[in-house]
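Notes to accompany the following structure.
Just so you know, ligand 1 is whichever comes first in the structure, and atom 1 is the first atom listed for that ligand.
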Amino acid sequence: MLSNKIKVNSKVQEALENNKSIVALESTLISHGLPYPENINVAKESIKAVEDSGSVAATIGIINGDIIIGLDDNEIEILATSKIVEKVSLHNIALSLFHKHNAATTVATTINIASKVGIKIFSTGGIGGVHLGSEHNSDISADLTELNRNRMFVISSGAKSILDLEKTFETLETYGIPRISYKSDYMPGFWYDETIYAVDQNFINVDDIANYLRLVEETNHNSSVLIFNKVPKKYSIEKNLIENWINKSIEKAKLNHIRGKDLTPFLITEINALSKNKTLEANTALIINNALLAGKISKKFNS
Ligand code: PSU
Ligand code: MN
């Protein structure tokens, strides 16, 4: 039985009961990944993209200590504007319920919650992973652990550019997580379209992806599958530029003693300022583009 702490909105509930196509969306990118008012726009446009493809969107977050599957406009606005929204991963989610907080779910917690109600497909911007310098502080996102522990089909533009992408890519392999992509031979680098890490398979159409995912399900593969969708070409930023901004921002983070769960939001904000909003534009475009692809894959997978 589902905990009465989990509230599923009526549209999502109806879709679950009738086996309709559903795509889960996360809320940390709303509260901690993007500034206001772009965050509200992206949240709404992502829902619209999922709906345009004929699927039902389920944005997940925590309001007053209740886990909501299918946040409405009002609730999205709370998470987008309130100054005291927590970023919850697995280690602190039950605490935010205990304190009746408003909180945003990361990739890790969104996957965990969506799996519990039987949602199979999830879309985000970029997953968390192994941080640069992790040999010193072991900062590795719980996103990787949850991808390992649940079977979720996850559409993303790779792991965020601020991470150690080689270590992240290798860890995914260690965990048995297939790394496939849509129309690319390589894992994308979030704000840029191509890294040097070759994917397990480049699928060039949605039908093939859906058929492949059915096989994954049939064979009871017990971890997630990552489906990479690169940032639209006109928003892709040159890797050298990004690396320069990343290095500067990491130095600033060190000087200011920013670490742990505050690091990713800090770096994203700093780099956006250095890039004069270029990374924000790329981030916005890729999140909506991923939601659209997720909706299409979900629809095919369900048919
Ligand atoms: N995708 C984005 N922006 C974000 C995130 C994803 O485009 O801010 C969030 C996700 O919720 C992801 C989190 O789980 O960043 C990673 O945080 P950390 O590195 O602390 O695990
Ligand atoms: Mn971390």
Looking at [atom], what's its closest protein heavy atom, distance included?
{"atom": "atom 8 (O) of ligand 1", "result": "Gly33 CA, 3.4 Å"}
{"atom": "atom 1 (N) of ligand 1", "result": "Gly126 N, 3.1 Å"}
{"atom": "atom 21 (O) of ligand 1", "result": "Ser141 OG, 2.7 Å"}
{"atom": "atom 13 (C) of ligand 1", "result": "Lys160 NZ, 3.6 Å"}
{"atom": "atom 11 (O) of ligand 1", "result": "Glu26 OE1, 2.8 Å"}
{"atom": "atom 7 (O) of ligand 1", "result": "Asn283 OD1, 2.9 Å"}

Numbered atoms and elements of ligand 1 in range of [X], under 4.0 angstrom, heavy atoms:
{"X": "Leu29", "answer": "2 (C), 3 (N), 4 (C), 8 (O)"}
{"X": "His131", "answer": "19 (O)"}
{"X": "Thr124", "answer": "1 (N), 6 (C)"}
{"X": "Lys87", "answer": "17 (O), 18 (P), 20 (O)"}

Check the side chains of [Y] and [X] for a donor-acceptor pair under 3.5 angstrom, ignoring hydrogens and angles.
{"X": "Asn272", "Y": "Asn277", "result": "yes"}
{"X": "His221", "Y": "Ser223", "result": "yes"}
{"X": "Asn112", "Y": "Arg149", "result": "no"}
{"X": "Glu14", "Y": "Asn18", "result": "yes"}
{"X": "Thr106", "Y": "Thr109", "result": "yes"}
{"X": "Thr124", "Y": "Glu26", "result": "yes"}
{"X": "Asn256", "Y": "Lys252", "result": "no"}
{"X": "Ser134", "Y": "Asp164", "result": "no"}

Using a 4.0 Å heavy-atom cut-off, which part of [X] comes near ligand 1: side chain, backbone, both, or neither?
{"X": "Leu286", "value": "neither"}
{"X": "Thr106", "value": "both"}
{"X": "Thr264", "value": "side chain"}
{"X": "Ile127", "value": "neither"}

Report the C-alpha separation of Phe153 and Phe122 in whole Å, then their side-chain angles, then the decisive distance to 0.1 Å, and conclude whether the ring-ring contact (aromatic ring centres under 6.0 Å, His included) test is met. CA-CA 6 Å; Phe153 303 143; Phe122 162 60; over 10 Å; no

Counting heavy atoms not belonging to Leu95, are there more than 12 under 6.0 Å from its CG? yes

Apply the test side chain to side chain contact (heavy atoms under 4.5 Å, CB included) to residues Leu34 and Leu29: give CA-CA distance (whole Å), side-chain angles for both, the deciding distance (0.1 Å), then the verdict. CA-CA 6 Å; Leu34 300 165; Leu29 64 84; 4.2 Å; yes

Whether His32 lies under 4.0 Å from ligand 1, heavy atom: no

Check Asp139 and report its N/O/S atom nearest to the Mn ion (ligand 2), by atom name. OD1

I want to know if ligand 1 touches [X] in the polar sense, i.e. an N/O pair below 3.5 angstrom.
{"X": "Val107", "answer": "yes"}
{"X": "Asp143", "answer": "yes"}
{"X": "Ala142", "answer": "no"}

From CA spacing to verdict: side chain to side chain contact (heavy atoms under 4.5 Å, CB included), Ile246, Leu132: CA-CA 10 Å; Ile246 292 174; Leu132 290 162; 4.3 Å; yes

